[in-house]
Enquirer: 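Okay, here's the structure, questions in a sec.
Order of appearance sets the numbers: ligands from 1, and atoms from 1 within every ligand.
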Amino acid sequence: MTADSCNLVVLISGNGSNLQALIDQSGVHGYRVAGVVCNNPSAFGLQRAARAGIPTAIVEHGNFPDRETFDGALLEAIDGFAPELIALAGFMRILGEAFVREHAERILNIHPSLLPKHRGMHTHQRVLAAGDKEHGVSIHFVNEELDGGPVIARSRIRVREDDTEASLARRVHRLEHALYPRVAGWFATGRLQLGDGGVYLDGRKLPSAGIETPAPTGA
Ligand code: GAR
């Protein structure tokens with residue numbers, strides 16, 4: 001894998017603003033978005049891919065009788081793009097164990113919370129309900145647990161008194177769009193690995209909370 005040849009396949013289910021950030025910043029980070037796989041035929045992210053001339057594959061879970069056949073079709077679609085790195089970007093299906101096993105060590109996920117806090121859905125709402133002072137984004141390697149794999153990097157904001165779910169979603173998205181292409185770039189250029197018992201960046205084992213990266217100005 002050379003600096004400019006890492007094939008990235010992005011999995012989406014909806015809006016695809018992280019996909020857009022990955023596409024827009026691919027030139028500077030050493031990967032190319034080789035394909036987009038989506039489980040929802042009306043996802044706006046598919047239009048983003050088409051606009052950028054990136055091939056797409058739709059694997060609709062409703063069209064399959066069970067988990068195993070859906071996973072098989074998903075794997076086939078992803079493998080069709082010869083991925084070296086797979087990035088889940090708002091992909092709202094839990095990946096099957098067989099899928100994760102097949103691609104262990106090269107699947108990333110982005111999650112809108114400071115993991116291990118607030119795994120799962122509705123994180124902005126839960127941050128407000130819990131009265132958290134801080135919120136943010138985490139990027140982690142995927143394992144069989146939902147939002148539970150080893151954390152690579154986090155970026156945070158202070159929750160403001162007047163924040164709402166919508167404002168938090170907007171502010172966290174800004175963190176996401178800065179962080180995801182960077183982390184994909186670390187992997188693409190050989191700096192990031194899932195290794196023996198943890199995550200390694202530039203040969204050094206990261207703490208279990210990952211590396212802290214500053215929020216972009218204005219977030
Ligand atoms: C992002 O905020 C991402 O972190 C979240 O879905 C959103 C997708 O936005 N993912 C999860 O909640 C995964 N557990 P996008 O479609 O605009 O990129």
Enquirer: Give a yes/no verdict on a cation-pi contact between R93 and F70, requiring under 6.0 Å between NZ or CZ and the six-membered ring centre and an angle within 45° of the axis.
Expert: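 Checked: cation-pi criterion met.
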Enquirer: Quick check on the hydrophobic clustering: are Y31 and L194 connected, directly or via other members, by side-chain heavy-atom contacts under 4.5 Å?
Expert: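 Yes, one cluster joins them.
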Enquirer: Checking a contact table here: which protein heavy atom is nearest atom 12 (O) of ligand 1, and how many Å away?
Expert: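 Closest protein heavy atom to atom 12 (O) of ligand 1: P112 CD, 3.3 Å.
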Enquirer: If you have a sec, work out which protein heavy atom is nearest atom 8 (C) of ligand 1 and how many Å separate them, to one decimal?
Expert: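 Residue, atom and distance for the closest contact: G90 CA, 3.6 Å.
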Enquirer: Find the distance between CD1 (I54) and CG (L46) and round it off to the nearest 0.5 Å.
Expert: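 Result: 11.5 Å between the selected atoms.
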Enquirer: Please state which part of T123 comes within less than 4.0 Å of ligand 1, counting heavy atoms only: side chain, backbone, both or neither.
Expert: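 Looking at T123 and ligand 1, no heavy atom falls under 4.0 Å.
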Enquirer: Are L8 and I23 co-members of a hydrophobic cluster defined by side-chain heavy atoms under 4.5 Å apart?
Expert: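 Yes, because I23 and L8 connect within a single hydrophobic cluster, where side-chain heavy atoms sit under 4.5 Å apart.
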Enquirer: Report yes if some N/O of N109 lies less than 3.5 Å from some N/O of ligand 1; otherwise report no.
Expert: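 There is no such contact.
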Enquirer: Any nitrogen or oxygen of L19, main chain or side chain, under 3.5 Å from a nitrogen or oxygen of ligand 1?
Expert: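 No; the residue has no nitrogen or oxygen that sits under 3.5 Å from a nitrogen or oxygen of the ligand.
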Enquirer: Are L168 and I139 linked, directly or through intermediate hydrophobic residues, by side-chain heavy-atom contacts shorter than 4.5 Å (ILVMFWY only)?
Expert: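 Yes: a chain of side-chain contacts under 4.5 Å links I139 to L168.
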Enquirer: Look at the side-chain heavy atoms of Ile, Leu, Val, Met, Phe, Trp and Tyr, link any pair under 4.5 Å apart, and say whether V151 and V100 land in one connected group.
Expert: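 In one cluster with V151: V100, no.
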Enquirer: What atoms of ligand 1 come within less than 4.0 Å of a heavy atom belonging to M92?
Expert: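 In order of number, 6 (O), 10 (N), 11 (C), 12 (O).
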Enquirer: Counting each atom of ligand 1 from 1 as listed, which ones have a heavy atom of E176 under 4.0 Å away?
Expert: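 Near E176, the atoms of ligand 1 are 1 (C), 2 (O), 3 (C), 4 (O).
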Enquirer: Any chance you could measure T56, atom OG1, to Q47, atom CD, to the nearest 0.5 Å?
Expert: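 T56 OG1 to Q47 CD: 11.0 Å, rounded to 0.5 Å.
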Enquirer: What protein heavy atom lies closest to atom 16 (O) of ligand 1? Include the residue and the distance to one decimal.
Expert: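 So the nearest neighbour among protein heavy atoms is G16 N, 2.7 Å.
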Enquirer: Where on M121 is there a heavy atom closer than 4.0 Å to ligand 1, on the side chain, on the backbone, on both, or on neither?
Expert: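 No part of M121 is near ligand 1 at this cut-off.
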Enquirer: Which is closest to atom 15 (P) of ligand 1 in terms of heavy atoms, S17, S113, G14?
Expert: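 The nearest heavy atom belongs to S17.
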Enquirer: Rounded to the nearest 0.5 Å, what's the gap from CZ on R156 to CG on L175? Could you check?
Expert: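 If I round to the nearest 0.5 Å, the distance is 10.5 Å.
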Enquirer: Do we see a donor-acceptor contact under 3.5 Å between the side chains of S13 and N40?
Expert: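 No, no side-chain donor-acceptor contact under 3.5 Å.
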Enquirer: Return the closest protein heavy atom for atom 14 (N) of ligand 1 as residue, atom name and distance.
Expert: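 For this ligand atom, the closest protein heavy atom is H111 ND1, 3.0 Å.
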Enquirer: Would you mind checking which non-hydrogen protein atom is closest to atom 10 (N) of ligand 1, with the distance to 0.1 Å?
Expert: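 Atom 10 (N) of ligand 1 sits closest to the protein heavy atom I110 O, 3.5 Å.
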Enquirer: What atoms of ligand 1 come closer than 4.0 angstrom to any heavy atom of N15?
Expert: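 Heavy-atom distances to N15 below 4.0 Å select 16 (O), 17 (O).
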Enquirer: Measure the distance from atom 9 (O) of ligand 1 to every protein heavy atom, then report the residue, atom name and distance (to 0.1 Å) of the closest one.
Expert: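 Ranking protein heavy atoms by distance from atom 9 (O) of ligand 1, first comes H173 NE2, 3.3 Å.
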Enquirer: Just which atoms of ligand 1 are under 4.0 Å from any heavy atom in D147?
Expert: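 Close to D147: 14 (N).
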Enquirer: Give the intermediate values and the outcome of ring-ring contact (aromatic ring centres under 6.0 Å, His included) for residues H135 and H124.
Expert: CA-CA 8 Å; H135 188 25; H124 311 306; 5.1 Å; yes
